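Working notes for the structure below.
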Amino acid sequence: MKFYKNLYVGDTIKKPDKVIKKLKKYAKLPNIHVIAYAQEHNRLEIYHSLMLQQWYYKEHSPYIIGIAGSQEEAVGLIAQMTEDAVSQTGQADLISYLFQKGLQEELMEEHQKQ
């Protein structure tokens, strides 16, 4: 599982490093939602962490952009990303904003390692 270097973390996540370690081990975290970049659709998606238990996600690791304690908090993080994008670029294009902040380089490095 890969994580965005400027990971967005919700206020209810008190120990993000611990959550990240557990997510990497595919541990069951019933109160965690993740914001993932769906490369095949070129969009962000919100997943409950228990969805990551499915074999598909173990074979096709999602690229995590943010972690939150609830779906509502995840939506709030996406709103925060949008506000950041608009304030810095003048546009609400999250994918371009995230790629501009280093997502593209990270994905290319990961792809070359495989």
Side-chain angles (χ1 to χ4, degrees):
M1 195 170 306
K2 299 164 261 296
F3 290 83
Y4 185 51
K5 68 179 177 181
N6 299 316
L7 187 70
Y8 283 82
V9 179
D11 293 335
T12 61
I13 306 297
K14 300 300 179 201
K15 297 180 181 178
D17 292 337
K18 190 173 182 180
V19 172
I20 290 169
K21 283 181 186 178
K22 287 184 176 186
L23 285 170
K24 284 182 177 179
K25 293 180 181 179
Y26 297 95
K28 293 180 181 177
L29 300 168
N31 297 324
I32 300 295
H33 286 73
V34 298
I35 301 166
Y37 173 62
Q39 192 169 7
E40 61 277 358
H41 301 295
N42 198 34
R43 67 181 181 199
L44 298 180
E45 296 180 345
I46 298 173
Y47 301 133
H48 191 284
S49 65
L50 295 179
M51 273 187 66
L52 303 177
Q53 298 291 311
Q54 297 176 22
W55 68 267
Y56 176 84
Y57 296 105
K58 291 180 181 180
E59 290 184 14
H60 302 92
S61 295
Y63 191 83
I64 307 299
I65 304 295
I67 54 177
S70 67
Q71 185 170 0
E72 293 79 19
E73 188 173 48
V75 170
L77 285 177
I78 292 176
Q80 165 108 35
M81 289 178 207
T82 305
E83 289 173 11
D84 292 348
V86 170
S87 70
Q88 291 189 17
T89 66
Q91 297 179 354
D93 185 355
L94 292 180
I95 302 305
S96 294
Y97 170 70
L98 293 169
F99 270 91
Q100 185 179 32
K101 289 192 69 171
L103 180 58
Q104 186 173 20
E105 292 83 17
E106 288 183 47
L107 288 175
M108 291 301 284
E109 288 174 14
E110 287 296 324
H111 189 281
Q112 290 172 353
K113 288 178 186 177
Q114 295 175 353

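Note that the structure is a prediction, hence the values are computed from the model and not measured. Worth knowing before you read on, the calculation uses all heavy atoms, side chains too, and leaves out hydrogens, waters and symmetry mates.
In Lys58, the NZ atom is crowded: over 12 heavy atoms of neighbouring residues, nucleotides or ligands sit closer than 6.0 Å. By the 6.0 Å contact criterion, CD on Gln71 is open, its count of non-hydrogen atoms from other residues, nucleotides or ligands being 12 or less.
When the side chains of ILVMFWY residues are joined at heavy-atom separations under 4.5 Å, either directly or via intervening members, Tyr47 and Leu7 end up in a single hydrophobic cluster. In the hydrophobic clustering of ILVMFWY residues, with side-chain heavy atoms under 4.5 Å counting as a link, Val75 and Leu77 come out together. Both Met1 and Tyr56 are part of a single hydrophobic cluster, where members link through side-chain heavy atoms under 4.5 Å apart.
Pairing each heavy atom of Ala74 with each of His33, the nearest pair is CB-CB, 4.4 Å. Contact detail for Ser49 and Leu23: the closest heavy-atom pair is CB-CD2, 4.0 Å. Between Ala68 and Ile13, the closest heavy-atom pair is C-CD1, 3.7 Å. Here the closest non-hydrogen pair linking Asp84 and Tyr97 is CB-OH, 3.4 Å.
Sorted by first and then second residue, the pairs that involve residues 11-23 and meet side-chain hydrogen bond (donor to acceptor under 3.5 Å, both in side chains), not counting sequence neighbours, are Thr12-Glu73.
Listed by chain and residue number, Arg43 satisfy the salt bridge (charged side-chain N to carboxylate O under 4.0 Å, His left out) test with Glu45 (two or more places apart in sequence, or in another chain). For Gln54, the side-chain contact (heavy atoms from CB on, under 4.5 Å) partners are Met51, Tyr57, not counting sequence neighbours.
For the pair Ile78/Ile46, a side-chain contact is recorded, criterion being any heavy-atom separation below 4.5 Å from C-beta on. Leu94 places none of its side-chain heavy atoms less than 4.5 Å from the side chain of Ile65. Within the 4.5 Å cutoff, no side-chain heavy atoms of Leu98 are placed close to those of Tyr37.
Taking NZ of Lys24 as the reference point, atom CG of Leu52 lies at 13.5 Å (rounded to 0.5 Å). The CG atom of Leu44 lies 4.0 Å from the CD1 atom of Ile95; values are rounded to the nearest 0.5 Å.
Counting only distance, with no hydrogens or angles, the side chain of Gln53 and the backbone of Tyr26 share a donor-acceptor pair below 3.5 Å.
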- Item | Full working for side-chain contact (heavy atoms from CB on, under 4.5 Å) between Tyr8 and Ile35 | CA-CA 9 Å; Tyr8 283 82; Ile35 301 166; 5.7 Å; no
